[in-house]
Amino acid sequence: MASSPKVVVIVGETASGKSALALEMARKFDGEIICADSRTIYKTMDVGTAKPSKIAQKQIKHHLLDICSPDEKFSVAKFKALALKAIEDISSGNKLAILVGGTGLYVDAVLFDYQFSPAGARKNLQNIRHLKYQELKAYTKGSIPNTLVIGLQLPKDELEQRIINRTRLMFENGLSKEVKRIVDKYGWQSPALNTIGYKEFQNYFAGSKSLDETRELINRNTFLYAKRQRTWFKRNKSIQWLDDPSRAVDLVTTFLNT
RNA sequence: GCAGGGUUAGUGAAGCGGUCAAACACAACAGACUGUAAAUCUGUCGGCUUAUGCCUUCGUAGGUUCGAAUCCUACACCCUGCA
């Protein structure tokens with residue numbers, strides 16, 4: 001399959017430094033970034049989702065950010081289609097596509113070429129394991145060709161410290177105002193507000209939780225989320241785990257030369 | 001000082017003579033995941049070890065009972081009503 005474009009994929013837990021690494025790789029290898037993130041797709045949700053800054057976006061083109069409004073429903077299938085389109089666009093412009101994200105399902109939808117049945121065909125609300133067979137087939141088949149998958153892994157306590165710091169920064173950068181604005185405009189039932197860093201404010205605004213308690217809760221929920229991400233990525237054996245991000249340059253260099 | 005309430009596993013909190021290694025929640029640990037995925041769901045959670053098994057736990061020390069986290073006594077610490 002010489003025709004399929006090369007894609008560098010960067011995965012890892014939240015706050016592991018994926019975005020920074022992606023930016024660096026994009027600069028070094030003339031790339032553009034595709035965000036595989038189920039929350040940064042939403043407009044106006046910037047602080048709480050740790051969305052790449054405007055400055056970063058000016059330097060390097062980021063795809064699939066701000067593509068829908070907080071009251072809209074989004075889906076993996078939509079993501080897959082858009083991501084494939086973006087990969088095509090980027091590589092036809094002779095640039096390197098860099099897919100970055102912590103949303104394992106979104107990444108895998110592209111990487112393992114998920115085939116979705118028609119919308120609404122299946123109600124799988126209880127996470128019934130009836131798709132196990134299909135899923136296994138997909139994973140043994142392996143990922144799509146011409147991909148390099150880099151995973152960022154930090155020691156647990158270091159990651160927790162980074163999460164704590166990041167949450168504190170979010171609060172300093174007006175997270176509470178951002179949440180308020182979105183709630184006032186779209187209401188708590190909006191799909192986008194069922195997000196760590198946002199939903200925890202419900203009790204704060206209702207007056208039953210202090211700001212400190214809210215921040216603690218966000219931290220704890222983020223730890224839990226990171227754990228789920230770890231579990232998800234663990235099963236993908238083709239990920240090349242790095243504890244030292246600087247090694248990524250070599251990996252990408254050899255990948256591009258083969 | 002007198003009267004009353006409390007002390008339970010990592011935390012919070014049930015239990016108030018047997019079916020209690022002790023509900024439940026949270027955390028912790030592990031896992032699942034194909035159109036909500038920063039979502040949703042599952043398992044383990046005193047120790048030994050994996051057994052319809054044993055051992056050690058419910059502030060501390062004794063006691064009553066066939067049998068106590070549960071009743072009694074003393075002590076320690078904490079909160080409250082009267083001084």
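Remember, predicted model here, so these are calculated numbers, not experimental data. Just so it is clear: chains get the letters A, B, ... in the order the sequence lines come, proteins before strands, and each one is counted from 1.
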Atom pairs under 3.5 Å: protein N/O with N/O of nucleotides 25-27 of chain B:
none

Could you check which of [options] has an atom nearest any side-chain atom of [X]?
X	options	answer
Trp232(A)	G35(B), C33(B), A38(B)	C33(B)
Ser38(A)	A38(B), A37(B), G35(B)	A38(B)
Lys227(A)	A30(B), G35(B), A38(B)	A30(B)
Asn194(A)	G31(B), A39(B), A37(B)	A39(B)

Given [N], is OP1 or OP2 found less than 4.0 Å from the side-chain N or O atoms of [X]?
X	N	answer
Lys234(A)	A32(B)	no
Lys156(A)	C29(B)	yes
Tyr225(A)	A38(B)	yes
Arg228(A)	A30(B)	no
Lys199(A)	A39(B)	yes

If we take the [atom1] atom in both [N] and [M], what is their distance in whole Å?
N	M	atom1	result
U80(B)	U73(B)	P	25 Å
A83(B)	G15(B)	P	33 Å
G6(B)	A13(B)	P	13 Å
A76(B)	U60(B)	C1'	7 Å
A68(B)	U56(B)	P	13 Å
A9(B)	A69(B)	C1'	12 Å
G53(B)	G5(B)	C1'	41 Å
U7(B)	A61(B)	C1'	16 Å

Could you let me know what [N] is paired to, Watson-Crick or G-U wobble, both distances under 3.5 Å, or none if it's on its own?
N	result
U7(B)	A76(B)
U52(B)	none
A28(B)	U44(B)
C82(B)	G1(B)
G18(B)	C66(B)

Which residue lies more 5' along RNA chain B, comparing Tyr198(A) with Thr231(A) via nearest heavy atoms: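 Nearest-nucleotide comparison on RNA chain B picks Thr231(A).
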Residue closer to the 5' end of RNA chain B, Gly104(A) versus Arg230(A) (nearest nucleotide):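 Residue closer to the 5' terminus by nearest nucleotide: Arg230(A).
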At 4.0 Å (heavy atoms only), tell me whether [X] reaches a base, stays on the sugar-phosphate, or touches nothing.
X	result
Tyr106(A)	sugar-phosphate
Phe74(A)	sugar-phosphate
Gly197(A)	nothing
Thr222(A)	nothing
Thr103(A)	sugar-phosphate

Donor + acceptor pair across side chains of Trp232(A), Asp108(A) (<3.5 Å):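 Indeed, the side chains of Trp232(A) and Asp108(A) share at least one donor-acceptor pair under 3.5 Å.
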Donor-acceptor side-chain pairing of Thr167(A) and Arg215(A) below 3.5 angstrom: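 Not at all, the side chains of Thr167(A) and Arg215(A) share no donor-acceptor pair under 3.5 Å.
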Nearest whole Å is fine: how far is [N] [atom2] from [X] [atom1]?
X	N	atom1	atom2	answer
Arg235(A)	G31(B)	CZ	C1'	11 Å
Gln229(A)	C33(B)	CD	P	17 Å
Tyr42(A)	A38(B)	OH	P	10 Å
Phe79(A)	A38(B)	CZ	P	11 Å
Glu72(A)	U36(B)	CD	P	15 Å
Phe223(A)	A30(B)	CZ	P	15 Å
Lys80(A)	A37(B)	NZ	C1'	17 Å
Phe233(A)	A38(B)	CZ	C1'	12 Å

Derivation and outcome, side chain to side chain contact (heavy atoms under 4.5 Å, CB included), residues Leu159(A) and Phe223(A): CA-CA 9 Å; Leu159(A) 186 83; Phe223(A) 298 159; over 6 Å; no
Distance check, rounded to the nearest 0.5 Å: [X] atom [atom1] versus [Y] atom [atom2]?
X	Y	atom1	atom2	result
Ile67(A)	Phe79(A)	CD1	CZ	8.0 Å
Glu160(A)	Leu154(A)	CD	CG	11.5 Å
Ser38(A)	Tyr106(A)	OG	OH	5.0 Å

Test: Lys51(A) and Asp66(A) ion pair at under 4.0 Å: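 So Lys51(A) pairs with Asp66(A) through a salt bridge.
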Aromatic centroids of Phe205(A) and Tyr198(A) separated by under 6.0 Å: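 Tyr198(A) vs Phe205(A): aromatic centres not under 6.0 Å.
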Under 3.5 Å, which donor-acceptor pairs do the side chains of residues 91-101 of chain A form with other protein atoms, sequence neighbours left out?
| unit_1 | atom_1 | unit_2 | atom_2 | d |
| --- | --- | --- | --- | --- |
| Ser91(A) | OG | Ile87(A) | O | 2.4 |
| Ser92(A) | OG | Glu88(A) | O | 3.2 |
| Ser92(A) | OG | Asp89(A) | O | 2.9 |
| Lys95(A) | NZ | Asp30(A) | OD1 | 3.3 |

Residues which pass salt bridge (Lys or Arg N to Asp or Glu O under 4.0 Å) with Arg166(A), listed by chain and number, not counting sequence neighbours: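 Result, salt bridge (Lys or Arg N to Asp or Glu O under 4.0 Å) vs Arg166(A): none returned.
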